[in-house]
Amino acid sequence: ISICRDLPNIEVITFSVNGISDLEPLHRCQNLSELYLRKNNITSLDELFYLKALPRLRVLWLAENPCCGPDPHRYRMTVLRNLPSLQKLDNQAVTEEELSQALVDGVEITAPPARRSVENGWSESSAPSAAGATTEPQGELLSCSLEETNKTQEELDMKPFPRDKYSSFSPQETDCSHKRRSNVLNAILLLMKELDAEGLETIQQTVVRRLQAFQKKELQEE
């Protein structure tokens, strides 16, 4: 995610399910207001050190990372103690009572995390995650793709994507194809959030033309 160092004006970022372990590149995104980091490889809450410098951050989704640990209360209190400007954490609204309690139960983070050694371009913490991804069964990956897309829909207050739509994927498609299709769909859904009425109408017209082309092709094949 090093590209984020060159995106100081970006406002919404979604990096869910990407094996990310280092949040240092985000510290320059001074206009960032929403950050989605579910299901990554963030092992330490010390990574929050880089988010403390983001004055406009209001929404953070960090659940399902190793740093969440076995104690949900301690995890939430620590996040809120270090990021008291958050209005929503892990899709749950932040209350004034929680912010007050976080000063007692949360751990203040005052230094960046210590990095592990890097060998052959892979850090120790990310290597197991990368290896696991190559052995993930296709059916499990497809289920994961649908789950992640529906999570993105939930983030945007949209209806979940029907499972029967995903069942139309060809069994010959590779795991990489499934994941790529899911990532593209997630990106489109999030970008739609930034469009005005005119932009959405343009998208709608383009989608209608594409669907008509697919339907025409299917009829010709039959």
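All values reported here derive from a predicted model rather than from experimental measurement.
- Put simply, the side chain of Thr43 never gets that close to the backbone of Cys67: no donor and acceptor are under 3.5 Å apart.
- Leu26 has its side chain within reach of Ile13: a pair of non-hydrogen atoms, C-beta onward, lies under 4.5 Å apart.
- Residues Gln92 and Arg76 share a closest heavy-atom pair of O-NH2, 3.3 Å.
- Residues Met77 and Ala102 come closest through the heavy atom pair O-CB, 3.4 Å.
- With contacts defined as side-chain heavy-atom distances shorter than 4.5 Å, the pair Leu83/Leu80 does not qualify.
- Applying the side-chain contact (heavy atoms from CB on, under 4.5 Å) test to Pro112 and every residue at least two apart in sequence or in another chain returns Phe49, Tyr50.
- Using modelled atom types, one side-chain atom of Arg81 and one backbone atom of Leu103 make a donor-acceptor pair closer than 3.5 Å.
- A donor-acceptor pair under 3.5 Å is formed between the side chain of Asn82 and the backbone N or O of Ile109.
- Formation of a donor-acceptor pair under 3.5 Å by the Gln87 side chain with backbone atoms of Thr95 is not found in this model.
- Taking the salt bridge (charged side-chain N to carboxylate O under 4.0 Å, His left out) definition, one finds that Glu97 meets it with nothing, sequence neighbours left out.
- Arg58 has no carboxylate O lying under 4.0 Å from a charged side-chain N of Glu34, or vice versa, which leaves the two without a salt bridge.
- Every residue meeting the side-chain contact (heavy atoms from CB on, under 4.5 Å) condition with Val104, not counting sequence neighbours, appears here in chain and number order: Gln101.
- You'll find the side chain of Cys4 stays beyond 4.5 Å of the side chain of Ile10, heavy atoms only.
- For Asn65 and Asn40, the side-chain atoms include no donor-acceptor pair closer than 3.5 Å.
- Scanning all heavy atoms of the two residues, the minimum distance from Lys88 to Val94 falls at N-CG2, 3.9 Å.
- Listed by chain and residue number, Leu45, Leu62, Cys68, Val79, Leu89, Asp90 satisfy the side-chain contact (heavy atoms from CB on, under 4.5 Å) test with Tyr75 (two or more places apart in sequence, or in another chain).
- Partners of Arg74 by side-chain contact (heavy atoms from CB on, under 4.5 Å), not counting sequence neighbours, listed by chain and number: Asp71, Thr78, Val107.
- Considering CG of Leu60 and OG of Ser33, their distance stands at 11.5 Å, rounded to 0.5 Å.
- Under a 4.0 Å N-O distance rule, the pair Glu24/Arg5 qualifies as a salt bridge.
- Applying the side chain to side chain donor-acceptor pair (under 3.5 Å) criterion to Arg28, with sequence neighbours excluded, gives no partner residue.
- Distance CG/Leu37 to CD/Glu47: 10.0 Å, rounded to 0.5 Å.
- Residues Val59 and Leu86 are not in side-chain contact: their nearest non-hydrogen atoms beyond the backbone lie 4.5 Å or more apart.
- How far CD of Glu108 is from CG of Leu48: 12.0 Å, rounded to the nearest 0.5 Å.
- A 4.5 Å side-chain heavy-atom check between Asp105 and His73 finds at least one atom pair inside the cut-off.
- Across Leu54 and Cys29, no two heavy atoms sit closer than the pair CD2-O, 3.3 Å.
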Verdict with supporting geometry, Ile1 and Phe15, side-chain contact (heavy atoms from CB on, under 4.5 Å): CA-CA 9 Å; Ile1 63 173; Phe15 283 142; 3.6 Å; yes
